[in-house]
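First comes the structure, then the notes that go with it.
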Amino acid sequence: MKLYNTMSRKVEDFKPIEDHKVGMYCCGPTVYNFAHIGNLRTYVFEDILRRTLEKNGYKVRHVMNITDVGHLTGDGDDGEDKLEKRSRETGKSVWDIAAFYTEAFMNDTASLNIKRPTVICKATDHIKEMIDLVKSLEDGGHTYISGGNVYFSIDTIDDYGKLAKLNLDELKAGARISVDDNKRNPKDFVLWFTNGKFKDQVMVWSSPWGVGYPGWHLECSAMSMKYLGKHFDIHCGGIDAIPVHHTNEIAQSEAATGEKPWVDYWCHGEFLINDKGKMSKSSGEFLTLSVLVDHGYEPLDYRYFCLTGHYRSQLKFSYEALDHAKSARQSLNDKVASLKKDVSPASTLSGKAEEYRHAFFDAMSNDLHAPQALAVLWSMLKDDEVPDDQKLALLLEMDSILGLSLDKVEAKKDESIPQEVLALVSERAEAKKNKDFKRSDEIRDRLISMGWSVKDTPQGPVVAKIL
RNA sequence: GGAGUCGUACCCAAGUGGCCUAAGGGGACGGUCUGCAAAACCGUUUUUUCAUCGGUUCGAAUCCGAUCGACUCCUCCA
């Protein structure tokens with residue numbers, strides 16, 4: 001399979017460190033608020049990546065962190081911890097805030113049918129590992145203490161910024177940001193903050209440098225290496241993480257272990273944007289999954305919507321576009337339901353079906369070209385040369401990557417229809433037989449007002465709940 | 001100020017030198033079917049057209065340049 005590697009800026013053949021196994025680390029959420037649908041796009045992308053790897057025969061160890069501490073609202077030491085800020089605003093404890101939004105996040109991802117990572121690790125449970133990492137950096141001469149904080153000195157390594165292809169001289173010259181006077185180099189970053197910066201900081205731990213809390217890049221390095229080793233296959237995140245977060249992770253991880261490369265493949269998801277540009281928690285409408293649900297969409301409509309664009313392209317969100325995805329998914333589900341009613345999935349595929357199967361999985365295995373794969377799916381559905389039982393079998397197999405829960409779509413049945421409705425339907429059939437169309441239309445209108453639609457097919461009337 | 005991405009038919013969105021007279025979905029419209037609808041199925045919207053202008057090439061949506069427009073990053077952010 002092929003994957004685009006941000007480090008090389010090329011699509012590369014994927015070769016794992018160990019045969020048939022993949023270690024994959026994904027930057028998780030900072031749990032000070034709900035995730036918006038832009039955040040969630042990245043987790044859908046990572047889920048598709050994981051499922052595609054699994055489909056290609058790899059056993060995937062998928063690790064994701066929960067950032068429940070130390071994520072500052074600003075750079076340097078002038079920002080405020082987001083959790084503490086939220087705590088102050090709401091009157092709840094930081095621990096309650098973290099627990100609440102962690103659960104909300106897990107619910108969101110579950111409803112999007114995102115597979116649960118193999119390991120979910122919280123930053124606050126790994127302070128010791130972070131301190132150890134700082135210690136080894138200190139032993140290696142990569143740190144200095146200034147203004148009460150422990151900094152990583154990027155001038156102690158010779159390839160800082162390689163992931164983002166940063167030109168350090170130009171950055172300095174064009175720097176727009178206020179430079180922290182405590183830093184020797186403007187791009188140096190804090191490994192450990194000591195206390196005394198903010199009053200009433202709740203989340204603090206003792207360390208060799210005093211009571212305080214970790215810098216926010218530290219957790220991903222410490223936890224990924226704890227669960228995946230000093231060298232692992234894939235590290236994922238949003239593209240915004242490239243220039244600062246991932247750049248700093250690489251710097252501190254490779255400096256700490258002395259091993260390069262730390263990670264073989266860097267995979268980044270592009271942004272979801274709207275008319276005004278990037279979705280953000282601070283400006284514009286704060287679109288969460290539950291807002292979409294309130295508007296009458298199902299979470300999987302949004303998942304389908306994500307699949308219609310390539311993960312490395314910006315995707316434009318609008319309710320109109322989401323409606324398209326909803327309609328498409330509805331008709332896919334209808335197709336599956338009617339196939340399930342008529343046939344059982346074939347145990348083997350042949351001829352044309354096998355060709356579609358290859359086309360689909362080739363598209364997915366080629367840097368996750370989901371839109372192409374969907375096109376293959378639809379062409380296959382419309383192809384009369386593919387028998388229905390093979391269509392169903394292939395759809396279900398495709399869904400192992402798409403994750404649209406096609407396996408849970410129920411075969412078309414009349415079971416859950418109330419007696420009252422059934423009685424009206426047969427009364428209408430009787431009226432139609434007697435050509436009493438006035439009466440039959442009355443009944444149809446009444447059924448519609450009750451929330452049921454009637455469709456007259458060659459096989460007789462079909463009743464369905466109006467959604 | 002610096003770095004980079006993108007602009008595809010009504011909408012979303014693939015395609016990144018010849019198999020493109022541009023996938024797929026959505027919408028709209030027309031047809032079949034129907035007492036009428038709905039659903040389903042078929043067709044049209046899509047023959048030089050891929051922001052505009054110019055260039056390279058036997059050949060460009062795809063490469064190069066300019067222009068216009070949109071966006072992202074360099075600052076917490078998926």
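What you see is a predicted model, and the numbers here were worked out from it, not measured in a lab. A, B, ... follow the sequence lines: proteins, then strands. Residue 1 opens every chain. In what follows, every heavy atom counts, from backbone to side chain, and hydrogens, waters and symmetry copies are set aside.
- What separates CG of A:Leu377 from P of B:rG25 is a distance of 10 Å, to the nearest Å.
- The 5' end of RNA chain B is approached more closely, in terms of each residue's nearest nucleotide, by A:Tyr304 than by the other of A:Tyr304 and A:Leu272.
- Within the nucleic acid shown, A:Thr308 comes within 4.0 Å of sugar-phosphate atoms alone, with no base atom in reach, counting heavy atoms only.
- Between the CG atom of A:Asn333 and the C1' atom of B:rG26 there is a distance of 16 Å, rounded to whole Å.
- Using a 4.0 Å heavy-atom distance criterion, A:His268 is classed as making no nucleic acid contact.
- Taking only side-chain atoms of A:Lys187, from C-beta outward, the nucleotide of B:rG25, B:rA37, B:rC74 with the closest atom is B:rC74.
- Applying the Watson-Crick and G-U wobble criteria (two distances, each under 3.5 Å), B:rG24 pairs with B:rC12.
- Within the nucleic acid shown, A:Leu315 comes within 4.0 Å of sugar-phosphate atoms alone, with no base atom in reach, counting heavy atoms only.
- Checking B:rA60 for Watson-Crick or G-U wobble geometry (two distances, each under 3.5 Å) identifies no partner in any strand.
- Atom CD of A:Glu12 is surrounded by more than 12 heavy atoms from other residues, nucleotides or ligands within 6.0 Å.
- Nucleic acid contact class of A:Val454 (heavy atoms, under 4.0 Å, all strands): base.
- If you check B:rG35, B:rG27, B:rG25 against the side chain of A:Ala328, the one that comes closest is B:rG25.
- Proximity note for A:His36 (side chain, C-beta onward) versus B:rC36, B:rA14, B:rA78: the nearest is B:rA78.
- Spacing of P atoms, B:rG65 relative to B:rC71, comes out at 23 Å, to the nearest Å.
- Both A:Ala375 and A:Ile273 lie near RNA chain B, and the one whose nearest nucleotide falls closer to the 5' end is A:Ala375.
- Per the geometry, OH belonging to A:Tyr4 stands 11 Å off C1' belonging to B:rG4, to the nearest Å.
- At a threshold of 4.0 angstrom between heavy atoms, the contacts of A:Pro371 include nucleobase atoms, whether or not backbone atoms are also involved.
- A:Gly38 comes within 4.0 angstrom of a nucleotide base, judged by non-hydrogen atoms across all strands.
- Listed nucleotides: B:rA78, B:rG26, B:rC36. Nearest to the side chain of A:Asp441: B:rC36.
- Of the side-chain N and O atoms in A:Lys335, one or more sit less than 4.0 angstrom from OP1 or OP2 of B:rC41.
- Listed candidates were B:rC36, B:rC11, B:rC76. Nearest to the side chain of A:Arg428 is B:rC36.
- In this structure, A:Phe34 has its ring center under 6.0 Å from that of A:Tyr101.
- Per the geometry, CZ belonging to A:Phe45 stands 15 Å off P belonging to B:rA78, to the nearest Å.
- Taking atom P on both nucleotides, B:rC77 is separated from B:rU52 by 39 Å, rounded to a whole Å.
- Not one side-chain nitrogen or oxygen of A:Lys435 sits closer than 4.0 Å to the OP1 or OP2 atom of B:rU34.
- A donor-acceptor pair under 3.5 Å is formed between the side chain of A:Arg303 and the backbone N or O of A:Leu402.
- Pairing of B:rA40, defined by two Watson-Crick or G-U wobble distances under 3.5 Å, is identified with B:rU32.
- Rounded to whole Å, atom C1' of B:rC71 lies 5 Å from atom CD of A:Gln314.
- Using a 4.0 Å heavy-atom criterion, one finds that A:Lys316 contacts the sugar-phosphate atoms exclusively.
- Rounded to whole Å, the separation between the C1' atoms of B:rA40 and B:rU34 comes to 12 Å.
- Of the C1' atoms belonging to B:rU56 and B:rC11, the separation is 35 Å, rounded to the nearest Å.
- Considering only heavy atoms from C-beta on, A:Glu46 stays 4.5 Å or farther from A:Thr109 through its side chain.
- Nucleotide B:rC6 has B:rG69 as its partner under the Watson-Crick or G-U criteria, with both atom distances under 3.5 Å.
- The base of B:rG25 lies close enough to the side chain of A:His324 for a donor and an acceptor atom to sit less than 3.5 Å apart.
- Comparing the C1' positions of B:rC76 and B:rA14 gives a spacing of 34 Å, expressed to the nearest Å.
- Distances shown here put a side-chain N or O of A:Ser331 below 4.0 Å from the OP1 or OP2 atom of B:rG26.
- Figure legend. B:rU46 is base-paired to no nucleotide; pairs are counted as Watson-Crick or G-U wobble with both atom distances under 3.5 Å.
- Using the Watson-Crick or G-U wobble rule with both distances under 3.5 Å, B:rG1 pairs with B:rC74.
- Remark: A:His369 is not in phosphate contact with B:rA23, judged by side-chain N or O atoms under 4.0 Å from OP1 or OP2.
- Taking atom C1' on both B:rC64 and B:rG17, the two are 13 Å apart, rounded to the nearest angstrom.
- Annotation: cation-pi geometry satisfied between A:Lys55 and A:Phe361 (NZ/CZ under 6.0 angstrom from ring centroid, within 45° of ring axis).
- Put simply, CD on A:Glu270 is 16 Å from P on B:rC77, counting in whole angstrom units.
- Checking side-chain atoms of A:Lys122 against main-chain N and O of A:Val69 turns up no donor-acceptor pair under 3.5 Å.
- The stacking criteria are not both satisfied for A:Trp378 over the base of B:rG24, which would need a centre-to-centre distance under 5.5 angstrom and an angle between ring planes under 30 degrees.
- A:Glu430 and A:Arg439 are not joined by a salt bridge, as no carboxylate oxygen comes within less than 4.0 angstrom of a charged side-chain nitrogen.
- Proximity of A:Ser379 to the phosphate of B:rA23: no side-chain N or O atom is located under 4.0 Å from OP1 or OP2.
- The distance between atom CG of A:Leu332 and atom C1' of B:rG24, rounded to the nearest whole Å, is 13 Å.
- In the set B:rC76, B:rG35, B:rG25, the nucleotide with an atom closest to the side chain of A:Arg444 is B:rG35.
- Residue A:Ser313 has a polar side-chain atom (N or O) positioned under 4.0 Å from OP1 or OP2 of B:rA14.
- A salt bridge does not link A:Lys391 to A:Asp342: none of the charged side-chain nitrogens sits closer than 4.0 Å to a carboxylate oxygen.
- Applying the 3.5 Å distance criterion, the base of B:rA40 shares no donor-acceptor pair with the side chain of A:Asp334.
- Residues A:Tyr297 and A:Phe305 place their aromatic rings such that the two centres sit no closer than 6.0 Å.
- B:rU45 and B:rC10 are spaced 8 Å apart, taking the C1' atom of each and rounding to whole Å.
- Straight-line distance from the CZ atom of A:Phe317 to the P atom of B:rA13: 12 Å, rounded to whole Å.
- Ion pairing between a basic and an acidic side chain is recognised when a charged N comes within 4.0 Å of a carboxylate O; A:Asp323 and A:Lys326 show no such pairing.
- Proximity note for A:Trp216 (side chain, C-beta onward) versus B:rC74, B:rA37, B:rC76: the nearest is B:rC76.
- Residue A:Lys433 is classed as having no contact, given no heavy-atom separation below 4.0 Å to the nucleic acid.
- B:rC6 and B:rC63 are spaced 9 Å apart, taking the P atom of each and rounding to whole Å.
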